[in-house]
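Note that the numbering runs from 1 along the sequence shown for the chain.
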Amino acid sequence: MTATALTQTTATTASDHRVVRADCVAELGQFKDSVDLIFADPPYNIGFSYESYDDRRTYDDYVAWTTSWIKVAAAALNERGSLYVMIGDEYAAETRLAMSNAGLSVKSWIIWSYTFGQHRHEKWTRSHVHVFYAVKDARNYIFNDVAIRIPSSRGLVYGDKRTNPLGRVPPDTWTCYSRLCGNFKARQAWHGCQVPEELLARVITASTNKGDLVVDPFAGSGATGAVAKRYDRKFIGFEISDEYVKLANQRLKSVEKWRFPASPIDWNEWTTWELARFYRESGTPLSTFIERDAQLKHFVGVFNGRLNTGYSPDSVRSKLKELQKSGSLAVV
């Protein structure tokens with residue numbers, strides 16, 4: 001495992017980020033032992049309306065298809081590669097079994113518990129999805145724990161001197177990311193099923209380094225590619241819809257890579273975005289720590305460790321208040 005800073009330099013080019021029209025089962029077979037990270041949010045077989053896919057397969061057909069694409073995905077990973085698969089309740093067990101049967105080591109069964117679940121009147125409203133995290137080699141894989149650490153409650157709430165100044169790795173229940181509703185600014189209006197960029201940022205920074213190759217077998221709105229490009233990773237996505245391919249590539253072309261500030265104490269678009277994300281991931285109200293020196297110091301220390309920046313507590317306090325005033329700390 002490694003703990004590489006986000007400022008590691010290995011540049012990518014514009015041609016390294018694209019979505020192609022192709023069936024993922026056929027295409028993934030050409031990437032044997034060469035992909036660093038695969039993030040997959042496949043159709044859940046629950047009757048969702050896609051532009052070029054029928055999401056109503058029989059049970060046996062869907063399970064066989066799931067087994068086939070996971071098998072080629074596992075083969076596509078390099079020796080230190082990782083596979084994340086997002087799936088609903090209906091086929092979670094079958095997906096988990098397919099990953100193990102493909103020879104992968106499942107490290108975590110993550111639950112993304114989100115707000116704004118779709119209201120139901122005939123059963124409890126569902127507000128979660130499963131995310132399976134697996135690696136090719138359980139003894140040798142990329143996991144940049146410093147890049148995803150969050151403040152601990154011991155330091156952020158109680159100001160306990162025993163607090164680890166590096167913070168803690170997030171738990172396997174993710175409650176800080178909202179489902180992207182139709183009126184959210186971050187949502188692409190032309191696609192009905194999207195993953196928040198902040199969630200993808202956690203996955204990509206944890207399991208890849210700069211210049212690594214990220215693949216999304218079900219590229220959809222292009223969100224995985226957009227985040228990969230922002231963090232200077234290479235990206236290839238597969239999609240069977242001509243319309244989605246066109247629009248996703250337009251999205252990728254409009255995305256700019258994050259740039260480190262001219263100085264580690266200066267703010268720019270990237271570090272400001274990261275601060276808002278970091279605050280939401282901390283899960284602690286601003287009023288709990290913003291005017292308490294020990295607590296704020298812990299928050300800032302973990303944030304600087306994550307980004308390799310050098311912000312002072314006063315600078316972070318001022319920026320957080322600015323973001324709060326503008327409404328940018330809310331989950332939108």
Side-chain angles (χ1 to χ4, degrees), residues 1-8 82 84 107-115 127-128 130-131 133 135 141-178 196-209 231 264-265 267 270-324 328-331:
M1 294 187 290
T2 64
T4 307
L6 293 179
T7 49
Q8 176 184 335
S82 302
Y84 288 76
K107 302 294 292 183
S108 297
W109 185 328
I110 299 162
I111 299 296
W112 170 28
S113 175
Y114 50 74
T115 52
S127 59
H128 72 274
H130 307 267
V131 184
Y133 161 51
V135 298
Y141 57 96
I142 296 172
F143 191 73
N144 299 316
D145 66 294
V146 173
I148 58 169
R149 287 192 177 226
I150 58 176
S152 70
S153 294
R154 173 177 281 181
L156 193 57
V157 177
Y158 303 106
D160 194 321
K161 294 181 179 180
R162 297 171 295 173
T163 300
N164 184 340
L166 297 178
R168 63 193 291 261
V169 173
D172 58 11
T173 300
W174 297 355
T175 59
C176 49
Y177 309 115
S178 173
E197 287 194 8
E198 291 189 354
L199 186 153
L200 292 165
R202 173 176 279 185
V203 169
I204 288 171
T205 56
S207 294
T208 62
N209 298 319
Y231 286 95
I265 62 172
W267 293 97
W270 171 55
T271 55
T272 300
W273 187 86
E274 291 284 6
L275 180 62
R277 174 168 80 98
F278 184 74
Y279 166 74
R280 286 188 283 269
E281 290 179 348
S282 76
T284 303
L286 197 62
S287 58
T288 301
F289 65 90
I290 192 67
E291 300 296 348
R292 303 170 72 187
D293 290 345
Q295 285 82 345
L296 181 61
K297 182 179 178 181
H298 177 60
F299 180 94
V300 174
V302 181
F303 180 68
N304 282 332
R306 185 193 263 202
L307 299 190
N308 201 26
T309 46
Y311 298 120
S312 69
D314 285 342
S315 178
V316 172
R317 178 189 286 118
S318 177
K319 181 60 69 171
L320 283 170
K321 288 182 176 180
E322 175 187 318
L323 291 171
Q324 183 185 45
S328 300
L329 293 181
V331 180

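A salt bridge links R149 to D145: at least one charged side-chain nitrogen sits closer than 4.0 Å to a carboxylate oxygen. A salt bridge between D172 and K107 is absent, with no side-chain N of the basic residue lying under 4.0 Å from a carboxylate O of the acidic one.
Checked against a 6.0 Å centroid threshold, the rings of F303 and Y279 do not count as neighbours.
Summarising the geometry, atom CZ belonging to R277 is positioned 9.0 Å from atom SG belonging to C176; distances are rounded to the nearest 0.5 Å. Interatomic distance, CG of N304 versus NZ of K297, reported as 12.0 Å (0.5 Å rounding). Interatomic distance, CD1 of I142 versus CG of N209, reported as 4.5 Å (0.5 Å rounding).
Among residues two or more places apart in sequence or in another chain, the side chain to side chain donor-acceptor pair (under 3.5 Å) test is passed with W273 by none. Applying the side chain to side chain donor-acceptor pair (under 3.5 Å) test to S82 and every residue at least two apart in sequence or in another chain returns nothing.
Among the candidates E281, E198, R280, the single residue satisfying the side chain to side chain donor-acceptor pair (under 3.5 Å) test with Y177 is E281. Between Q295 and the choices R292, E291, H298, the side-chain contact (heavy atoms from CB on, under 4.5 Å) rule is met once, by R292.
Between G305 and V146 the shortest heavy-atom distance is O-CG1, 3.3 Å. Of all the heavy atoms in L320 and L329, the pair that sits closest is O-CD1, 3.7 Å. Summarising the geometry of I290 relative to R317, their closest heavy-atom pair is O-NE, 2.8 Å, with the distance given to 0.1 Å. Nearest approach of V169 to I148, heavy atoms of both residues: CG1-CD1, 4.2 Å. Counting all heavy atoms, side chain and backbone alike, T205 lies closest to N144 at O-ND2, 3.1 Å. Nearest approach of S282 to P151, heavy atoms of both residues: CB-CD, 3.9 Å.
Residue-environment remark: NZ (K319) exceeds the threshold of 12 foreign heavy atoms within 6.0 Å.
Distance alone, capped at 3.5 Å, places no donor-acceptor pair between the W270 side chain and the W267 backbone. No side-chain donor-acceptor contact under 3.5 Å links S315 to the backbone of S312.
Between Y114 and L199 the shortest side-chain heavy-atom distance does not fall below 4.5 Å. Residues R154 and N164 fail the side-chain proximity criterion, which asks for heavy atoms closer than 4.5 Å. The shortest distance between side-chain heavy atoms of T163 and Y158 does not fall below 4.5 Å. Considering only heavy atoms from C-beta on, F299 stays 4.5 Å or farther from T284 through its side chain. Looking at H130 and I110, their side chains never come closer than 4.5 Å, going by heavy atoms from C-beta outward.
Side-chain contact check for T271 and Y311: at least one donor-acceptor pair (N or O, by modelled atom type) lies under 3.5 Å.
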